[in-house]
Amino acid sequence: MYILLAQVIPERLDWFNFGISSANRTGAFIACLIAFTWCLYAFRIKWLSILTWIANLVLFYFLVQTASRGALVSLTAASIFFLFFSGFKRSRRTVFFVLFWFACALLILLQSRLSHRMEEMVTLQSSSANCRMDIYLSGLKMLTDAPSGVQSPIETYMQWYQDPDDSERYLSMINSHLEFLCSNGLLLRLGYIALWVFILFLLFPSSHAILPSACTSVWICFALCAIFSNVANYWVLCTVSFILGALYNGTRLKSYRFYSLVILISLVAFIALHTISYLLPREAPLHFRNNGDVLVGKGTAKICVFNPIERIVGTHFGSELINIQKDTDAQILVSKNFPQHNVDKLIICSTLPENTNEIYSKELIFLNTFPPNNLSKYRCLKIAALIGGFTDWRIRRDWEKVANNKKYDIKLNVLNGVADYIPNWTEFITDETN
């Protein structure tokens with residue numbers, strides 16, 4: 001019973017009443033906690049150092065129970081940094097303790113499912129690792145596609161970047177850094193990068209001292225964990241380690257060279273990040289505008305999708321529009337406002353506003369929405385309606401009434417076996433409604 005509790009409880013621990021935790025967040029916290037305990041080596045007390053070795057091993061066992069690969073990789077990188085910069089004397093006793101600890105840790109790892117998960121990740125057989133790679137690459141593209149940021153990066157990913165055949169839904173970008181960078185504009189992105197550079201440069205050990213090496217290791221571990229998962233709310237240990245490291249290296253704050261270096265490195269990192277984003281291959285150009293509009297392609301849009309609703313056009317409507325642009329080279333605008341220039345087709349997925357005065361379009365296509373009350377204003381235009389046979393019966397009734405009225409030239413297409421969502425709706429737009 002106790003063994004079972006020791007395996008299950010650490011997997012999803014609720015730290016500091018932040019709510020039900022995920023295994024990745026718990027693993028990230030334990031990894032940072034292990035790095036934080038290395039500060040105790042600075043006292044150079046034999047019995048305290050031995051207790052720290054033992055505590056690290058116990059905490060590592062708990063970390064392994066979370067099966068968090070990101071936490072393991074982050075802790076490994078932080079450990080290498082600490083061993084290199086802490087200035088430990090390479091005595092026989094120190095080498096023995098290090099090798100003995102790593103042997104015990106390796107034995108614990110090999111007896112857990114985390115070793116199997118690491119093998120899957122290395123061999124590219126892990127679906128969770130592969131989906132992370134797709135999200136991260138898409139997030140990088142989003143930086144230059146949306147220079148002003150987007151309201152919800154993960155929703156933008158699912159609508160515009162995710163494979164339409166992938167039905168998985170996500171709550172975040174599974175990366176704290178991309179979550180912030182994609183949500184904000186260029187100035188805040190630069191500030192975010194500068195903040196990380198400032199912290200790491202301030203804490204970075206210059207004299208092979210144990211305390212600043214341990215404090216920097218905590219932040220390295222935290223930064224890497226934030227790449228593998230959304231763990232930015234675990235700030236407690238990082239704050240304490242920052243205060244300790246800042247007190248130790250406080251003289252750097254008085255140096256103009258320090259600030260100049262921070263600004264220079266931040267600008268280089270900012271430019272490099274956005275250059276990589278710009279150079280990543282895309283299936284079609286995407287431009288997210290400040291007002292929420294999205295232009296697929298370059299130039300003036302020929303097709304406008306007005307206020308798309310996922311219930312009607314699906315979660316991946318953006319990816320489907322990208323496929324149209326790639327195949328036909330047609331420029332497509334997705335907007336919550338009517339276009340102020342002439343377009344060939346206007347696809348309408350929601351009720352038209354009553355104060356709509358003029359529509360600059362040759363053809364109107366309605367998808368599972370009620371006909372406008374002032375339809376007579378548009379009878380000189382080509383009008384088509386795609387209605388699901390199992391959608392709201394009132395929508396179908398109103399369109400049948402309008403279609404039977406001889407003063408309107410309306411092409412009504414009732415889709416059998418279809419409810420609110422219209423499958424292959426882009427095919428109807430590009431082909432059947434011409």
Side-chain angles (χ1 to χ4, degrees), residues 15-16 18 25 27-42 70-71 73-87 139 143 173 175-274:
W15 300 93
F16 305 109
F18 280 151
R25 292 184 178 183
F29 181 85
I30 296 174
C32 290
L33 180 58
I34 292 174
F36 183 75
T37 61
W38 299 338
C39 294
L40 299 177
Y41 292 128
V73 172
S74 302
L75 180 62
T76 302
S79 301
I80 294 172
F81 177 89
F82 180 72
L83 289 174
F84 185 82
F85 285 98
S86 60
L143 294 178
M173 296 289 284
N175 184 315
S176 296
H177 305 303
L178 282 178
E179 191 79 23
F180 182 89
L181 293 173
C182 292
S183 298
N184 295 282
L186 297 176
L187 188 59
L188 283 177
R189 292 176 190 174
L190 178 59
Y192 182 81
I193 294 173
L195 178 62
W196 273 100
V197 174
F198 172 81
I199 292 171
L200 293 176
F201 273 47
L202 178 60
L203 301 182
F204 197 87
S206 58
S207 58
H208 290 284
I210 292 177
L211 183 61
S213 298
C215 293
T216 310
S217 298
V218 174
W219 278 88
I220 289 175
C221 187
F222 177 66
L224 293 177
C225 284
I227 291 177
F228 288 94
S229 191
N230 194 14
V231 298
N233 56 349
Y234 285 165
W235 45 264
V236 180
L237 294 177
C238 297
T239 303
V240 176
S241 62
F242 174 75
I243 294 173
L244 292 176
L247 290 174
Y248 192 94
N249 294 327
T251 55
R252 295 181 182 178
L253 297 175
K254 302 176 182 179
S255 171
Y256 289 105
R257 182 182 178 185
F258 170 76
Y259 294 105
S260 301
L261 192 59
V262 168
I263 294 173
L264 177 62
I265 298 300
S266 300
L267 287 173
V268 171
F270 176 82
I271 294 172
L273 183 66
H274 285 77

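Fair warning: this is a prediction, and the values are worked out from it, not measured in the lab.
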Exercise for review: Decide side chain to side chain contact (heavy atoms under 4.5 Å, CB included) for Y248 and L202; before the verdict, give the C-alpha distance in whole Å, the side-chain angles of both, and the deciding distance to 0.1 Å.
Suggested key: CA-CA 9 Å; Y248 192 94; L202 178 60; over 6 Å; no
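- In this structure the side chain of M173 never reaches within 4.5 angstrom of the side chain of N230, judged on heavy atoms.
- Considering F36, F222, F82 as possible partners of S217, the one that fulfils the side chain to side chain contact (heavy atoms under 4.5 Å, CB included) test is F82.
- Take S255 and apply the side-chain contact (heavy atoms from CB on, under 4.5 Å) test, not counting sequence neighbours, and it matches R257, F258.
- Of all heavy-atom pairs spanning L178 and G139, the tightest one is CD2-C, 4.0 Å.
- Annotation: ring pair (Phe, Tyr, Trp, His ring centres under 6.0 Å) contacts of F81 (sequence neighbours excluded): F85, F204.
- When L188, L273, N175 are each tested for a side chain to side chain contact (heavy atoms under 4.5 Å, CB included) with L181, only one passes: L273.
- By the 4.5 Å heavy-atom criterion applied to side chains, P205 and S86 are not counted as neighbours.
- The aromatic rings of W196 and W219 sit perpendicular to each other, their planes meeting at more than 60°, with 30° as the lower class boundary.
- Formation of a donor-acceptor pair under 3.5 Å by the S241 side chain with backbone atoms of C238 is found in this model.
- Across A42 and I210, no two heavy atoms sit closer than the pair N-CG2, 3.6 Å.
- Within 6.0 Å of atom OH in Y259, more than 12 heavy atoms from other residues, nucleotides or ligands are found, so the atom counts as buried in its surroundings.
- Taking SG of C32 as the start and CD1 of I220 as the end, the distance is 11.0 Å to the nearest 0.5 Å.
- Of all heavy-atom pairs between P212 and T216, the closest is O-OG1, 2.7 Å.
- Separation of atoms CG (L244) and OG1 (T239) is listed at 11.0 Å; rounding is to 0.5 Å.
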Review point. W38 and S79: side chain to side chain contact (heavy atoms under 4.5 Å, CB included), yes or no, with the steps?
Key: CA-CA 10 Å; W38 299 338; S79 301; 3.5 Å; yes
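- Nearest heavy-atom pair across L143 and C182 is CD2-SG, 4.0 Å.
- Remark: the backbone N or O of N184 is paired with a side-chain donor or acceptor of R189 at under 3.5 angstrom.
- Proximity of R252 to F201: side-chain heavy atoms (C-beta onward) are nowhere separated by under 4.5 Å.
- Residues T37 and I34 approach most closely at OG1-O, 2.5 Å, considering heavy atoms.
- Minimum interatomic distance between F270 and I193 (heavy atoms only, all atoms of both residues): CA-CD1, 3.8 Å.
- One N or O on the side chain of S74 and one on the backbone of C225 form a donor-acceptor pair closer than 3.5 Å.
- Here CG of L247 is found 9.0 Å from CG of L211. Values are rounded to the nearest 0.5 Å.
- Note that the CD1 atom of I263 and the CD1 atom of I265 stand 11.5 Å from one another [nearest 0.5 Å].
- Put simply, the side chain of H208 never gets that close to the backbone of S213: no donor and acceptor are under 3.5 Å apart.
- The distance from the CG atom of N249 to the OG atom of S206 is 6.0 Å, given to the nearest 0.5 Å.
- The shortest side-chain heavy-atom distance between L190 and L267 falls under the 4.5 Å cut-off.
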